Amino acid sequence: MSETNELKSKTKVLIMGSGPAGLTAALYAARANLEPTVIAGFEPGGQLTTTTDVENYPGFPEGIMGPELMDAMRKQAERFGANCVNGEITSVDLSKRPFKIITGNGDQVEAETFIISSGATAKMLGIESEKQMLGYGVSTCATCDGFFYKEKEIVVIGGGDTAMEEAVFLTKFASKVTVIHRRDELRASKIMQERALKNDKIEFLWDSVVEEVIGNKQDGVTGVKVLNIKTDETWIKECEGMFVAIGHTPNTNLFEGQLDMDENGYLITNDKTSETNVPGVYAAGDVQDTRYKQAVTAAGTGCMAAIDAERFLEENE
């Protein structure tokens, strides 16, 4: 999202975040003549801007680049009157309507309704080579990228339910999956442990961590440097892909004490709607999705949030 527009001081619909959820909400709100304002966030376009090929979004039989898809979504929303602005929201007051939102530039916006689609951030190992190879053999989403690893050897990092679920899923494509876990036992639930441990394609490296990802953007990942934390032994584990499955952190710190969350910080929405516990405030996408975390499901909840906001405005004006 390279271009930016002027931020208005008042808006009927303010949308936080510019991933699939936020831009779909913007599209629907704009087509309802609500002239929504989108504040893009610290990662304009959301997680898809760090994804190279997107092959599981409906309507693109040959696939599409993540940044290209998000750019098209933004242009479509703007075509109907959405106002997309670069910037971050740094504080909010949801105690009464209109809601007051402050940006990093110190600008204040008053919003009649507020759609939160600030997403979730995948937890990473924190090593430089992992960051450099993200999208080039390093992934945080098995259901997004597993298809690219047919008959390849890959590694999965983690020991919880997410790691076991991704490891089992990846055996549909990979010739071999090696789970690397820093402990000598799994944290996953018993049923998920059993599924992984019984799978002939899955092996385990216990008491081990990845210190470095080996490879380059042209050839992809060729291996990982592994450290056994009990013996201090290091070696290169050859592989053609690394999936980091140590969880996600929803971007919800701003709303602590104002909106209901679960124990992991995900916003809680009322049954089968996008409504939060504050009337006029809605949540869409990964910020409230603990299960699916897909672009297409995020877009669906963005649609829901816009429709919920439109109905709220009709009932309260």
Side-chain angles (χ1 to χ4, degrees), residues 47 50-52 120-146 148-251 253 263-265 293:
Q47 293 183 65
T50 63
T51 303
T52 49
T121 303
K123 295 178 182 177
M124 305 295 286
L125 301 178
I127 53 180
E128 186 61 30
S129 53
E130 167 198 49
K131 183 179 179 181
Q132 292 174 353
M133 294 300 291
L134 187 63
Y136 297 91
V138 173
S139 174
T140 59
C141 180
T143 51
C144 307
D145 299 330
F148 300 115
Y149 294 87
K150 285 186 174 181
E151 299 305 316
K152 294 183 178 181
E153 289 196 18
I154 56 178
V155 298
V156 172
I157 314 301
D161 278 354
T162 299
M164 296 309 101
E165 187 174 345
E166 299 226 332
V168 170
F169 176 83
L170 288 166
T171 60
K172 297 178 181 179
F173 309 100
S175 59
K176 178 182 175 183
V177 177
T178 300
V179 174
I180 301 176
H181 186 40
R182 62 168 49 248
R183 297 168 61 187
D184 58 4
E185 60 181 6
L186 299 171
R187 294 179 291 105
S189 59
K190 188 175 181 181
I191 188 168
M192 291 306 300
Q193 288 192 41
E194 289 177 352
R195 287 177 186 171
L197 291 166
K198 288 180 180 178
N199 194 304
D200 293 337
K201 281 190 173 183
I202 299 177
E203 294 185 0
F204 291 84
L205 280 179
W206 305 106
D207 302 314
S208 298
V209 296
V210 171
E211 285 194 319
E212 184 182 354
V213 181
I214 312 299
N216 56 66
K217 290 184 177 181
Q218 183 175 345
D219 301 322
V221 171
T222 58
V224 292
K225 182 180 178 182
V226 180
L227 166 69
N228 185 298
I229 59 176
K230 288 190 174 178
T231 66
D232 282 337
E233 178 189 4
T234 62
W235 72 99
I236 302 298
K237 165 69 179 171
E238 291 186 358
C239 64
E240 295 177 88
M242 182 178 88
F243 285 79
V244 184
I246 55 178
H248 288 74
T249 302
N251 301 319
N253 288 343
E263 65 273 13
N264 295 313
K293 303 183 191 303

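Side chains included, hydrogens not; waters and symmetry mates left out as well; all remaining heavy atoms used. This one's a predicted model, so the numbers in the text were calculated from it and none came from an experiment.
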Problem - For Glu185, all residues meeting salt bridge (Lys or Arg N to Asp or Glu O under 4.0 Å), sequence neighbours excluded - result: Arg183

Fill in the blank from the handout: The reported gap from CD in Glu165 to CZ in Arg195 (rounded to nearest 0.5 angstrom) is 8.0 Å

Fill in the blank from the handout: Rounding to 0.5 Å, atoms CG (Asn251) and OG1 (Thr121) come to a distance of 3.5 Å

Completion exercise
Between Lys123 and Val244, the two heavy atoms sitting closest are O-CG1, 3.6 Å

Exercise for the section: Among Lys201, Glu203, Glu151, find the one that has a side-chain contact (heavy atoms from CB on, under 4.5 Å) with Lys176. Expected result: Glu203

Problem - Backbone N/O of Val168 and side chain of Asn199: donor-acceptor pair under 3.5 Å - result: no

Name the atoms and distances for all side-chain donor-acceptor pairs under 3.5 Å in residues 220-229, with sequence neighbours left out.
| unit_1 | atom_1 | unit_2 | atom_2 | d |
| --- | --- | --- | --- | --- |
| Thr222 | OG1 | Ile214 | O | 3.4 |
| Asn228 | OD1 | Lys230 | N | 2.8 |
| Asn228 | OD1 | Thr231 | N | 2.9 |
| Asn228 | OD1 | Thr231 | OG1 | 3.4 |

Exercise for the section: Determine whether more than 12 heavy atoms belonging to other residues, nucleotides or ligands lie under 6.0 Å from atom CD of Glu130. Expected result: yes

Practice task
List the atom of Trp206, the atom of Asp184, and the distance in Å for their closest heavy-atom pair.
Solution key: CE3-C, 3.7 Å

Problem - Spatial distance of atom CD1 (Ile246) from atom NE2 (His181) [nearest 0.5 Å] - result: 11.5 Å

Exercise for the section: Would you check if Met164 and Val179 make a side-chain contact, meaning some heavy-atom pair closer than 4.5 Å? Expected result: yes

Problem - 4.5 Å side-chain heavy-atom contact, Arg182 and Val209 - result: yes

Handout entry: Taking every non-hydrogen atom, the tightest pair across Lys237 and Glu153
Key = NZ-OE1, 4.3 Å

Completion exercise
The reported gap from CG in Leu170 to CD1 in Ile154 (rounded to nearest 0.5 angstrom) is 4.0 Å

Fill in the blank from the handout: For Asp161 and Ser189, the nearest pair of non-hydrogen atoms, with its separation, is OD1-N, 2.6 Å

Handout entry: Sub-4.5 Å side-chain heavy-atom contact between Met124 and Lys131
Key = no

Handout entry: Step-by-step side-chain contact (heavy atoms from CB on, under 4.5 Å) determination, Phe204 to Leu186
Key = CA-CA 10 Å; Phe204 291 84; Leu186 299 171; 4.0 Å; yes

Fill in the blank from the handout: The reported gap from NZ in Lys293 to SG in Cys144 (rounded to nearest 0.5 angstrom) is 11.5 Å

Handout entry: Where Thr162 and Ala245 come nearest, the two heavy atoms and their spacing
Key = CG2-CB, 4.0 Å

Exercise for the section: Find out whether Tyr149 and Cys239 are in side-chain contact, i.e. whether some heavy atom of one side chain is under 4.5 Å from a heavy atom of the other. Expected result: no

Exercise for the section: Tell me, yes or no, whether the heavy-atom count around Glu194 atom CD, taken from other residues, nucleotides or ligands under 6.0 Å, exceeds 12. Expected result: yes

Problem - Atom pair OG1 (Thr140) and CG (Asp145), whose distance is rounded to the nearest 0.5 Å - result: 7.5 Å

Problem - Met242 vs Ile180 side-chain heavy atoms within contact, under 4.5 Å - result: no

Handout entry: More than 12 heavy atoms from other groups under 6.0 Å of CG on Asp200
Key = no

Problem - Closest contact, heavy atoms only, Phe243 versus Glu166 - result: CD2-OE1, 4.3 Å

